[in-house]
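Counting convention: from 1, in listed order, for ligands and their atoms alike. The first residue of the sequence shown is numbered 1, and numbering continues consecutively from there. Computed over heavy atoms, backbone and side chain alike; hydrogens, waters and symmetry mates excluded.
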Amino acid sequence: MTIVRWCLLHAVVLGLVSLPSAGQQGHAADATGPAAAHRDYPFKPVPFTAVHLNDVFWAPRIETNRSVTIPFAFKQCEITGRVANFVHAAEALRGQLGEKDAKLPGYPFDDTDIYKIIEGASYTLSVYPDPKLDEYIDGLVAKIAAAQEPDGYIYTARTINSEHPHAWSGAHRWENEEILSHELYDLGHLYEAAVAHYQATGKRTLLDIALKSANLLCNTFGPGKRAIWPGHQIVEMGLVKLYRVTGDDRYLKVAKFMLDVRGGPNGSQYNQSQEPVVDQTEAVGHAVRATYMYSGMADVAAMTGDARYVHAIDAIWENVVQKKLYVTGGIGATGAGEAFGANYELPNLTAYNETCASVGNDFWNQRLFLLHGDAKYIDVMERTLYNGLVSGVSLDGKSFFYQNPLESNGRQGRSPWFGVACCPGNITRFMASAPGYMYALGNNALYVNLFGGSTADIAMDGRSVRVVQDTRYPWDGNVKITVDPGQPATFAIKIRIPGWARGEVTPSDLYRFERPEHTQARLSVNGSPVPIRLDKGYATVDRQWKNGDVIDLNLPMPVRRVLANDNVAADRGRIAIERGPIVYAAEWPDNPGHKVRDLMLPDSNKLTASFEPALLNGVEVVKGRAVALSYDANGKVLHKEQEFTAIPYYAWANRGNGEMVVWIPERESAARPAPWPTLAMMSSVAASKGGNRVSGEGIRHYPQAVNDGEEPKSSDDPSSYFDWWPEKGKTEWLEYTFPRAATVSGVQVYWFDDTGRGEVRVPASWRVLYKDGEEWKPVQNQQPYGVDRDRYNKVGFTPVTTAALRLEITMQPGWSAGVNEWKVDK
Ligand SMILES: [Zn+2]
């Protein structure tokens, strides 16, 4: 770095030199600032502003994102006080904040929701001018500016009440950052939003706020200054974006510093600080933090050439695709710490698969592609995109999943918003920039990574090449690509032949097709067949292109059965259904009796696909015949053949809550026959008031879990339970109303208890009441009311004839209570 360059860079930062406006050039994702001369990724994405989708799949959803989700999410930020937090922080700075407005944010990361939606909205402004939206964002930016402290610090959870900040924030700046405060997490999202806003509008308003804040980081952290690592990563990616747009390498250095300080005695797997980042080889801990960190490492490696980062994220990627990736592309198996599970730990009903983790997984895989130019990363990215990511938002764009499990007993539904609202904002920014994942440039070649009806005007070696895709992808594998280079020009077009079209489910042995059918992809140029010679997953056509040249790609899309590696216990004896890039699910509305968890799909049963234009905004469905299994009164398994329908996984839970399953048993040994209905199972269940709520992550408290006949494996078995959390130390009740009055003489209760993970414990005491007329009376119990873990607590009582039975449960002081299963003895 020469003195001259330093001066120039500081002039840029101080605003003395005007930055080129990428927005005006329409190159939002390009390195158009002074950093363009620096080292960068060897492959460059074609910016989303250059790619206009008009396809059957993404274009309508991107439009829903723009016209419905973004305004809806901004509204939610207003309703929930997220906007007011900035106003109140500004009032506090001016000493004008009244006592009653000094309320702190619910969570210290609530600020990020506004930043993320501004980022998403800015992307839409890049391609769809909207003066009203532009003006609305200007208003938000003014509120954010007013909430920034004089030295650049911005964090409403402290500024609103610096004497008594949020409980997670710590008494002083940064002291809780490695654990709870999320100060740097907020800033990472601010920086990403600022760059998007600047590139979309050419306005420096939000960028200047971000740079002032980033300069504070440069002055605070680094060699010889403070050394902390971000508790929730993302500031690394954000700082690299600031570096790319300004060329000021102090931002890059701070990003790298914050990666390199991870590790040491205070480190933990939870946020990937258990060891130095360059020594990490396994994906562990919180999945969103992990993928944001791996993405930041890719960015810093691309800008600095540090190969140790690349070796680490390559090794971690191998671990994920070999052992920790769901067939839907989701990651983060467990709700305990929102984390990766152990190798091959991929449960279906309790799969966590946070929507944000899917977004992070695609950020990361895109960056690995940009480093290596290998289609295997796009294979993983496409799997996540069409399945475990886009499942995160409903078809109408107004409700969301926080978790994306691969099986449901009806407990989970979509929510319009969450207490922790990270996922909706991430959807808004991802969907708005999705066309930026289609093409890339490098090695004098144009890379066609994704398929979809679209027109792209791609800047390539000083000329603009128009590339038009005509296709019904993902429902049809015929893709016609028309190339218009203007003047004839010689370059290579590299067309990705997806893994699934080459007989490979994932670039690993984690999944495989049951039958390696002959699904030979075919390619022709202007009607003449071209042999496909694969290089890193691409077929290359290197020739002189002239206007109107046509590439025809044919990717056969039979319905296929997928098997998991035998080490994945949850999927043994089961198959998943795929067609093209789409993973299928059987859902309750399409199948007899609204049940799918008791189905079996023998491998001799043929499956066919057909398009249903009126269903779920138009989807290809898979049909065939299945066998429904059930127990009779003597424990014998009965078989009943019936119609079977599966829909694309991403479209589930758009018609209400109920059963859903992705991995379907192929053999009776893996099946889950419907239990013989007992008196308890035929009863209707009700719970006291505290039990009727939806958690911050959109999980319904589900009293029906206690009489679903599902046998718990242990008291902490999370697959099917009911609890009153966060109610603690109270007396609550559960009630069975029998189909008709019955004589009963006992109950068996299996207590839920998540010691080590949550705040539910066996109760302090309990008793059974029966309904006598309109009155509840205690039964005469013949044994004590037991509170043992990991078994049924059986209590006999003097027989009563009654229409309803009630469990009255008194929790331990300071703890909640819950029930896995409740049986009634006649
Ligand atoms: Zn999230």
Undergrad: Who are the ring-ring contact (aromatic ring centres under 6.0 Å, His included) partners of H286, not counting sequence neighbours?
TA: H232, Y270
Undergrad: Going by distance alone, is a donor N or O of one side chain under 3.5 Å from an acceptor N or O of the other, for S394 and N654?
TA: no
Undergrad: What pairs with Y136 under ring-ring contact (aromatic ring centres under 6.0 Å, His included), at least two apart in sequence or on another chain?
TA: F74
Undergrad: Under a 3.5 Å threshold, yes or no: a donor from one side chain and an acceptor from the other, between Y153 and W174?
TA: no
Undergrad: Checking F400 now: which residues fulfil ring-ring contact (aromatic ring centres under 6.0 Å, His included) with it, not counting sequence neighbours?
TA: none
Undergrad: Nearest heavy-atom pair of F752 and P718: which atoms, and what distance?
TA: CE1-CA, 4.4 Å
Undergrad: Mind checking how many protein N/O/S atoms fall short of 2.8 Å from the Zn ion (ligand 1)?
TA: 4
